[in-house]
Amino acid sequence: MLEKDMEKAYDHLQTESDWYRRWQENGLFTPAPEPAGIPFSIILPPPNVTGSLHIGHALTLSLPDIIVRRKKMQGFHVLWLPGVDHAGIATQMVVEKNLKKETGQTKEDLGREKFLQLVWGWKDASEQKIVGQIKKLGLALDWSRMKFTLSDEMQRVVRKVFVALYREGRIYQGTYMVNRCPSCKTVLSDLEVEHKEVQGRLTYIRYPLLRDPKRWVVVATTRPETLLGDVAVAVHPKDARYKKLIGQELRLPLTGRTIPLLGDEDVDREFGTGAVKVTPAHDPADFKIALKHNLEKIVVIDEQTRMTGPIPEKFIGLDRFACRQAVLEDLRAQGLVEKEEEYVHNVGHCQRCETVVEPNISKQWFLKTAELAQPAIAAVRDNEITFIPDKWKKVYFNWMENIQDWCISRQLWWGHRIPAFYCQDCQEVVVDETDPERCPTCGGSRLVQDEDVLDTWFSSALWPFTTLGWQDDSADFRTFYPTSIMATGFDIIFFWVARMIMMGLHFGKAVPFREVLINGLIRDEKGQKMSKTRNNAVDPLEIIREYGADALRFTLAVQAVPGMDISLSVSRVKGYKAFANKIWNASRFVVMNLKGDEAATIDAGAISDADRWILHELNTLVEKVNISFDEYRMYEAADLIYHFIWDEYCDWYLEFSKSDLASPATRAVLKFTLRRILQLLHPFMPFISEEIYQRVKGDKDFLIQTEFPAFSKDLVFPEAHAAMETLKKVVAETRKTRTENRIEPNKKVPIFLKCDSPAERLHLEKHLKYFDFLSRSLGTEIVADLSVLPRGFRGVSQNWEILLPFVDDQDRQRELQRLRGEHDKLAKLIAQMEGKLAGGGFADKAPAEVILNFKKNLQEYIEKKAKIGKTIDDLS
RNA sequence: GGGCGGUUAGCUCAGCUGGUAGAGCAUCGGUUUUACACGCCGGGUGUCAGAGGUUCAAACCCUCUACCGCCCA
C-alpha cells in the first residue's frame with residue numbers, strides 16, 4: 001500500500017478497503033484518557049435496528065463526521081459516540097412480519113419469552129449490518145463507547161428515571177382517550193398518528209325530537225357506526241337555528257335510547273348542520289365535551305375494532321366498517337338519512353402500518369409535560385441552544401407551547417418494561433427501582449408487573465446524558481456534557497429533539513447540546529421521496545461500491561444546504577468520483593516528481609512567483625473554508641475546495657510547476673500544497689486523502705493527526721499573485737484565439753503581444769517561459785506596435801492585444817468576419833451601459849464605488865472596441 | 001383553517017449582508033500535449049414561475065396570483 005507507484009486510474013475499492021481498520025487499531029477515534037484541548041462531542045443519532053441503513057442515514061451520519069474530523073484536526077478533545085436504537089414498535093413489527101412469513105406463526109404462538117429471544121437475534125444481526133455500513137462510510141466513531149438503548153445498563157437508567165419522574169408526580173396512570181392502532185395492537189402517542197386526507201362520505205342523519213317525532217335535528221357524520229355510542233347531540237349555544245331546542249330530548253335512532261340536546265361553545269357552527277353527535281368513547285373532541293357535561297361514555301367498539309356494548313344484538317361482533325354499512329342500511333330503511341355527500345376529510349393513520357387508528361378510552365401511563373417544557377422553551381429562546389437553520393425554532397416553539405401530556409405506555413413486548421407492580425391482594429401500585437417482594441401496604445407477596453413497555457422515544461429522550469454515564473456521575477459525563485451538536489432530520493424535532501431538551505435539562509441539569517443541525521430529506525432524482533413501495537430507494541452500499549464512499553460523502557456534503565431537501569443524482573456522485581480520480585492523478589504527478597530532498601519549510605526567497613501565487617490562493621481558500629465551516633456551510637466549503645483543486649491547482653499550478661521541476665524550492669511547494677489540500681479534503685474524503693498522505697507523510701502517521709490548515713500571514717503574496725493572474729488572462733485569451741481560428745492545438749506558432757500597461761508587461765516578461773509552455777508558442781515577442789508586423793489573427797483582452805500571424809489569405813477573411821461580429825456585440829453593450837449612466841439617476845444615487853467600477857468596465861469595453869476597430873481597418 | 005418551504009441553463013441544484021447569473025451532468029467543436037480520455041482546450045444555452053410595488057439598481061426586499069411539497073390543528 002505504501003509503495004510509491006501509483007496506478008494511473010484511482011481504485012476506490014482498494015483504497016477504501018483497509019484504512020478504517022487501521023484507524024481503529026491505532027485508536028484514532030478514541031479520545032485520549034487525559035483531556036487535551038477543548039472538549040467537543042457529538043452523539044450519533046442511533047439508527048433503528050430494523051434492518052439496514054438507507055441513504056438518508058448516510059447524510060445524517062456523514063455531515064457530523066465532517067465536522068468531527070475537522071475538530072479533531074484542530075486539536076479539540078473530540079468524542080463521537082455511536083449507538084443503535086431498539087426502536088420498539090418498528091422492530092417488533094418487522095420481526096413479527098418475518099415470523100409470519102417464515103413459519104406462519106404469530107408472536108402469541110411463541111409466547112413473550114421466546115418471541116423476545118427472536119427479536120434479540122434480529123437485533124444482533126441488524127446491528128452488525130449497520131455497524132458494517134457505518135464503517136464503510138468511514139465515520140470516525142469511538143466504538144469502545146458503543147451504546148444500545150435497551151442494554152442492561154440502559155434498562156437500569158430508564159428505570160431510575162421512570163421512578164424519579166413517578167415520585168415527582170410527573171408520571172401518572174389515567175383513563176383517557178388515546179389513539180389505538182388495531183393492527184399494531186397498541187396505543188400510540190399523538191405524534192405517531194399521521195393525518196391524511198381521505199375521500200369519505202358525510203351522512204346527514206335525522207335524530208327525532210322525543211316530544212314531536214315529526215320534527216328532528218339533523219347531524220352530519222363520517223362515521224355513522226359510532227351513532228350507537230352517542231350520548232348527546234351538541235350545538236353552539238348561540239346558534240340561532242337551535243337555541244330554542246337546547247334542553248330537548250332526542251330519540252337516538254336504532255337504539256331506542258333517549259339523549260339530550262345540549263349547548264357547548266366548542267361546537268363548530270360551520271361544520272355540517274351545526275349540530276354534532278357526541279360519542280365520548282370514540283372521539284377525542286366528544287370526550288372533552290362529555291367531561292364538561294358529565295356524560296356517560298358508552299364503549300361500542302372493542303380493541304379488535306368489533307362492535308360491542310349495549311347495542312342491538314344484530315350489530316354485535318361486526319367489524320367497525322361492516323357495521324357502518326349495516327347502520328346506514330337501517331337508517332335509510334327508516335327514512336332517517338336526510339342526505340349523503342362526498343367529503344374529503346382528515347383521518348388519523350398509524351405512522352408505522354398506515355391502518356386507520358381508532359380513538360378509544362383506556363388506562364395508560366402518561367408523562368406530564370407542561371412544566372418540563374418551560375425550561376426547554378427558555379433554553380432555545382435564550383439561545384443556549386440554536387437551530388440551524390434558524391427557522392425550525394419557530395416550529396419547535398409552536399409545538400412546545402401547545403404540548404400535550406405524553407402517553408408513554410405501549411402494548412408491546414419489545415422495549416423497556418414499565419416498572420410498576422400491582423398487588424393482587426390490595427390493588428396497590430408499587431413503582432420502584434428494584435422488583436418489590438412484598439406489597440408495602442398489605443404485605444402481600446402476590447405482585448404482578450405491568451405488561452406494557454415504554455414508548456421507544458422515552459429512552460431516546462435520555463440518550464445524550466445516559467450514553468455519557470450520567471447515572472454514574474462518570475468522567476465522560478463531566479467532560480462531554482453538554483454535547484456540542486445534534487445532527488438530525490426535521491421529521492423528529494418533536495419526537496426526539498424536544499424531548500431530549502426537556503429531559504436533558506431536568507436530569508442532566510443543562511441543555512443536552514448547543515446546536516441542532518437540521519438536515520433535509522433525501523429524494524430521488526425526480527424529487528420524489530424515497531421509499532420501498534416506490535422502489536426508488538438507493539442503497540448506500542451500492543453507491544459506495546460503484547463510486548466510493550468518498551464520492552458519496554462529497555456529493556452529500558456539497559448538496560446539503562441546511563434544511564433543504566436533497567435530490568440525490570447518481571450523475572453527480574459520478575462527477576465526484578471523477579474528482580477523486582483527478583486528485584489521485586494530481587498527487588501522482590507530485591509524488592512522481594519528488595526527489596526526497598525537498599525542505600519541510602517554504603523558502604520564501606527561493607520560490608518562484610508561480611509558487612507564491614498558489615500559496616496565496618491556497619491561503620485565501622483556507623480562510624474561506626474555515627469561515628464556511630464555522631458557519632455550518634459545509635456545502636460551501638466542499639465546493640470551494642473542489643474548485644480550488646480542479647480549477648487552480650491542477651489547471652494552472654501543476655502546469656506552471658512543470659517549468660520549475662528542477663528547483664528544490666518549487667518541489668517543496670508542490671509537496672506542501674498537496675499536503676494542505678489533503679488536510680482540507682480529509683473531513684470530506686477521508687479515504688483517498690489518507691491513502692495519498694501516506695506518500696507525502698510528515699512526522700504524523702495519519703492525516704487526522706495533522707493540524708487542519710489555518711490562515712497564515714506569512715503566505716500572503718499580492719504582487720506575485722497579480723503577476724500570475726495577468727499571465728493566466730493572456731494565456732486564456734491566446735488559447736481562445738487559437739481555438740476560434742482553428743489553429744491545431746498541438747502546433748507551436750509564433751506569438752506577438754502588445755501591452756498598454758507597463759506593469760502588466762513586466763509581469764509577463766518575467767514569466768515568458770510559462771506563457772510559451774501554456775500557449776504552445778514557438779517564440780513570443782512583446783512589441784510596441786502590431787501594425788508593422790505580418791497580418792494575423794487578433795485577440796484582445798484587457799490591456800493586451802494578441803497576434804497570431806496568418807498562414808494564407810483565407811485566414812485573413814475568416815478573421816475579419818469574426819472581428820466584425822465581436823465589434824458589433826461590444827457596440828451594443830457599450831450603448832446599453834452608456835444609456836444607464838446617462839439617465840435614471842444611476843450616476844447621482846449609486847455609491848461612488850459602484851459607479852467607479854461600472855465606469856472602469858465601460859472604459860475597458862470602449863478601448864477593446866477601438867482596438868478591434870483599428871485591427872479591422874488594418875486587415876481590410 | 002393556521003404555518004413553512006420551493007418554483008434559476010435540457011436535468012439536479014448553488015447564488016451569504018440588493019450591483020445586469022453559476023456548478024455537476026448532459027450537449028456541441030477541437031484534441032491522445034510524457035499526472036489524469038474518470039482527461040485537456042474552447043463554445044452555446046437562461047424574459048431567474050407570473051403580475052405589481054420599493055429602489056439609481058431586484059433572482060435577492062414588499063404585496064398579490066398560480067403550481068408543487070411539507071408541518072400543525
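A note on names: the letters A, B, ... follow the listed sequences, proteins ahead of strands, and every chain is numbered from 1.
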When the [atom1] atoms of [M] and [N] are compared, how many Å lie between them, rounded to an integer?
N	M	atom1	value
B/A9	B/A49	P	9 Å
B/G24	B/U45	C1'	16 Å
B/U27	B/C67	P	36 Å
B/G44	B/A26	C1'	13 Å
B/C40	B/U34	C1'	14 Å
B/U55	B/C62	P	16 Å
B/U12	B/A73	C1'	35 Å

Within the structure, does a side-chain N or O atom of [X] lie under 4.0 Å from either OP1 or OP2 of [N]?
X	N	answer
A/Lys8	B/A37	yes
A/Lys582	B/C40	yes
A/Lys658	B/A35	yes

May I ask you to verify whether the side chain of A/Glu655 and the base of B/A35 hold a donor-acceptor pair under 3.5 Å?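 Such a pair exists between side chain and base.
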For a quick check, tell me whether the side chain of A/Lys574 and the base of B/C25 share a donor-acceptor pair closer than 3.5 Å.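 Result: no qualifying N/O pair found.
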Keeping A/Asn179 on the side-chain end and A/Val357 on the backbone end, is there a donor-acceptor pair under 3.5 Å?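 The answer is no, because no donor-acceptor pair under 3.5 Å joins these two groups.
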Sidechain-backbone polar pair: A/Glu16 side chain, A/Ala549 backbone, donor-acceptor under 3.5 Å: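 Yes, A/Glu16 side chain to A/Ala549 backbone: donor-acceptor pair under 3.5 Å.
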Residues in contact with RNA chain B, drawn from residues 631-646 of chain A - heavy-atom cutoff 4.0 Å: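 Output list: A/Tyr635, A/Tyr642, A/His643, A/Trp646.
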State plainly whether the residues [X] and [Y] are in salt-bridge range, i.e. N to O under 4.0 Å.
X	Y	answer
A/Asp390	A/Lys393	yes
A/Lys658	A/Glu655	yes
A/Glu733	A/Lys728	no
A/Lys577	A/Asp550	no

Interatomic distance, [X] [atom1] vs [N] [atom2] [rounded to whole Å]:
X	N	atom1	atom2	value
A/Trp392	B/C71	CH2	P	10 Å
A/Asn398	B/G5	CG	P	13 Å
A/Leu661	B/U34	CG	C1'	12 Å
A/Arg588	B/C38	CZ	P	14 Å
A/Trp584	B/C36	CH2	P	14 Å
A/Met400	B/C72	CE	P	15 Å

Could you check A/Asn585 against A/Gln559 and say which one's nearest nucleotide on RNA chain B is further toward the 5' end?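 Of the two residues, A/Gln559 wins.
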For A/Phe579 and A/Tyr576, take the nucleotide of RNA chain B holding the closest heavy atom to each; which residue's nucleotide lies nearer the 5' end?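 The residue closer to the strand's 5' end, by nearest nucleotide, is A/Tyr576.
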Is A/Thr673 close to A/Val590 at the side-chain level, that is, under 4.5 Å between some pair of heavy atoms?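 Side-chain contact under 4.5 Å: no.
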Could you please name the partner base of B/G44, counting Watson-Crick and G-U wobble pairs only when both distances are under 3.5 Å?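 Checking every strand shown, B/G44 finds no partner, since no pair has both distances under 3.5 Å.
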Between B/C72, B/A35, B/A23, which nucleotide gets closest to the side-chain atoms of A/Met592?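 Of the options given, the side chain of A/Met592 lies nearest B/A35.
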A/Tyr176 versus A/Asp405, side-chain donor and acceptor atoms under 3.5 Å: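 Short answer, no.
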